2 protein chains.
Amino acid sequence: MKLSTKGRYGVRAMFDLAQHMGEGPVSLKSISERQGISEHYLEQLIAGLRKAGLVKSVRGAQGGYLLGREPDKIKVGDIIRVLEGPIAPTECVSEEDPECCTKSEYCVTRTIWEKVRDSIAEVLDSITLETMLEDAQKFESERSLYMYYI
Amino acid sequence: MKLSTKGRYGVRAMFDLAQHMGEGPVSLKSISERQGISEHYLEQLIAGLRKAGLVKSVRGAQGGYLLGREPDKIKVGDIIRVLEGPIAPTECVSEEDPECCTKSEYCVTRTIWEKVRDSIAEVLDSITLETMLEDAQKFESERSLYMYYI
DNA sequence: TGGATATCTTATTAAAATAGTCGGAATTTG
DNA sequence: CAAATTCCGACTATTTTAATAAGATATCCA
């Protein structure tokens with residue numbers, strides 16, 4: 001039940017792009033340095049995000065990547081689905097083309113996995129890059145308040 | 001974000017034991033035949049469940065396994081934790097000994113994984129073998145009602 | 001125009017996890 | 001004693017993960 005680095009790195013990279021909106025294209029090199037992720041590896045991950053339209057690319061010198069749409073229109077669930085595949089604790093309850101076991105038309109355990117799937121999807125789809133930016137801002141202001149009283 | 005066969009087979013095996021309560025020890029062989037799971041592989045899985053006290057074993061001929069406690073006291077989350085380890089979409093939010101990344105004391109993405117972890121745990125801990133038995137019974141009666149009208 | 005900076009594409013790889021398999025020892029029943 | 005069973009440790013093939021590497025293509029800027 002672990003997320004792979006693909007999903008985790010992907011969310012961090014997308015959040016990094018969100019934090020640098022309005023500064024023109026952001027190079028993979030700068031993302032990889034800030035986030036401590038291999039540049040070559042990031043390249044693979046972002047290729048998928050680009051094909052899915054979550055990022056736009058600008059080639060050539062001074063090129064880089066930009067968010068494919070407004071941060072409030074990019075859900076964490078979108079990113080995870082691109083990089084990790086459909087949300088599903090088991091194949092038989094995959095969000096797309098579930099391969100049902102033929103053994104039984106009704107399966108008591110399947111209903112469990114469906115509930116798990118839905119609860120994961122609900123969390124991931126309730127968080128957007130926009131809400132992440134707000135959370136980060138909120139923390140920043142709380143921290144400076146705290147610093148003030150020391 | 002996939003459950004491995006360990007967790008899936010484990011839940012099915014435990015549910016099988018619940019369905020055969022009161023019939024004396026249930027052999028691995030019979031479970032593996034009913035569930036279509038390799039007997040040798042099941043052996044490995046049930047060893048962990050036994051050490052955790054979720055099942056009791058009876059050695060020798062006519063031996064087998066029994067639930068370690070009443071089915072309403074065995075949560076699906078208990079089974080999953082034994083076979084898959086602590087519930088956690090990432091190491092940094094593991095239910096036990098989370099290995100926090102040293103990079104930042106506060107991490108916007110970590111709060112996401114915490115929410116995912118908690119929502120998974122809530123689902124898995126809300127379902128017991130008892131509730132699974134009830135669900136199976138409910139389906140059975142619904143199905144016979146349906147059959148009646150055909 | 002040419003060099004520096006980037007993205008894009010494909011192939012390869014080392015390590016770990018997954019999903020078993022195998023053989024045999026120990027225990028209990030009839 | 002023989003059959004049925006749990007118990008235990010070692011082995012293995014396949015897949016996935018997490019990169020690494022090399023080079024082609026595109027664009028900016030001096």
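In what follows, every chain begins at residue 1, and chains take the letters A, B, ... in the order their sequences are listed. Source: prediction; values computed, not measured.
One finds a salt bridge joining A:Arg81 and A:Glu95 here, because a Lys/Arg side-chain nitrogen approaches an Asp/Glu carboxylate oxygen to under 4.0 Å.
Rounded to 10 degrees, the angle separating the terminal helix axes of the helix from C:dT1-D:dA30 to C:dG30-D:dC1, each built from five base pairs, is 10°.
Rounded to whole Å, atom P of C:dT7 lies 15 Å from atom NZ of A:Lys51. Rounded to whole angstrom, the span from the CG atom of B:Leu28 across to the C1' atom of C:dC22 amounts to 16 Å. Atom P of nucleotide D:dT20 and atom OH of A:Tyr9 are separated by 10 Å, given to the nearest angstrom. D:dG23 atom P lies 12 Å from atom NE2 of A:His40, rounded to whole Å. Distance, A:Glu43 CD to C:dT5 P: 16 Å, rounded to whole Å.
Atom CD of B:Gln137 sits in a sparse spot, with 12 or fewer heavy atoms from other residues, nucleotides or ligands closer than 6.0 Å.
On a pure distance criterion of 3.5 Å, a polar donor-acceptor pair joins the side chain of B:Arg59 and the base of D:dT6.
OP1 or OP2 of D:dC7 has at least one side-chain nitrogen or oxygen of B:Ser57 nearer than 4.0 Å. Side-chain N/O atoms of B:Tyr41 include none lying less than 4.0 angstrom from OP1 or OP2 on C:dT18.
Between A:Lys115 and B:Ile127 the shortest side-chain heavy-atom distance falls below 4.5 Å.
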